[in-house]
Amino acid sequence: MRNQKKLIVQQLDEKLRPFKGSEKVYLPVKGWIHTIRNSFGMTLEQLGKKIGITRQGVHYIEESEAAGSISIKTMLEVGNAMDLKFVYGFVPKDSSFQQLIDKKAATLARKIVQRTHQNMILEGQENNDKQIQLAIKELTEELKREMPKALWD
């Protein structure tokens, strides 16, 4: 099961390789439809005619996109009408899914080890910094292998 999870994460990272760098793309304030339509010099009426709706309908679509309430179906329809391919998905903010897992595992390991360390201090069994760092490193590796659900709490 462990190797299967690791393989799935590796395959996911591989599938998303073409999107590398897209985490740096920011949405235009007025949305992609408005921005692209204006860049093309296309009027509301022209786009509306391609989709089969009024200029007011296109304006509503652009407002919906800017507000984040547009449907994927509508984005696909507009993309097709403008001879564009609409692409959506999730990409990690930090370069890969594996790095996201590494970061989450390290954070959880640090939290667990520090909590345990506090209990040990109360019992007079304090560890030194080197032992604490080693425990964090070992627990991080274990959490990365096991990928428990607690990683996402």
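Heads up: numbering here begins at 1 and tracks the sequence. Values reported hereafter were calculated over all heavy atoms of this structure, with side chains retained and with hydrogens, waters and symmetry mates removed.
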Pair R37-E62, side chain to side chain contact (heavy atoms under 4.5 Å, CB included): steps then yes or no: CA-CA 10 Å; R37 182 182 59 74; E62 289 181 353; 2.5 Å; yes
Interatomic spacing from CD1 in I112 to OG1 in T107 - rounded to 0.5 Å: 11.0 Å
For the student: nearest non-hydrogen atoms of G31 and A66, plus distance: N-CB, 4.5 Å
Test item: S22 side-chain N/O and F19 main-chain N/O as donor-acceptor pair under 3.5 Å: yes
Stepwise side chain to side chain contact (heavy atoms under 4.5 Å, CB included) check, F97 with L16: CA-CA 9 Å; F97 283 98; L16 293 175; 2.9 Å; yes
Single-linkage hydrophobic cluster, 4.5 Å side-chain cutoff, Y60 and M42 together: no
Hphob cluster co-occupancy, V29 + V25, side-chain heavy atoms under 4.5 angstrom: no
Side-chain heavy-atom pair Q10, E14 within 4.5 angstrom cut-off: no
Hydrophobic cluster identity match, I72 and V91, side-chain contacts under 4.5 Å: no
Verdict with supporting geometry, H34 and N38, side chain to side chain contact (heavy atoms under 4.5 Å, CB included): CA-CA 6 Å; H34 179 270; N38 279 332; 2.7 Å; yes
For the student: nearest non-hydrogen atoms of W32 and Y26, plus distance: CZ2-O, 4.0 Å
Below 3.5 Å, can you tabulate the donor-acceptor pairs from side chains in residues 78-88 to any protein atom, sequence neighbours excluded?
residue : atom : partner : partner atom : Å
N80     : ND2  : L76     : O            : 3.3

Spacing of R110 atom CZ and Q133 atom CD [to the nearest 0.5 Å]: 7.5 Å
Sidechain-backbone polar pair: E45 side chain, T54 backbone, donor-acceptor under 3.5 Å: no
Distance (rounded to the nearest 0.5 Å) between D13 CG and K20 NZ: 9.0 Å
Side chain to side chain contact (heavy atoms under 4.5 Å, CB included) evaluation trace for T43 with R55: CA-CA 8 Å; T43 66; R55 70 181 294 281; over 6 Å; no
Separation between CD1 of I53 and OG1 of T74, rounded to the nearest 0.5 Å: 8.5 Å
Qualifying residue for side-chain contact (heavy atoms from CB on, under 4.5 Å) with I136, from L139, I132, L134: I132
side-chain contact (heavy atoms from CB on, under 4.5 Å) partner of I101, chosen from K6, K5, M147: M147
Residue pair I33 / M75, side-chain heavy-atom distance below 4.5 Å: yes
Check: L143 and P148 side chains under 4.5 Å, non-hydrogen atoms: yes
Heavy-atom check, side chain of Q46 versus side chain of K50, under 4.5 Å: no
D102 (side chain) donor-acceptor with K144 (main chain) under 3.5 angstrom: no
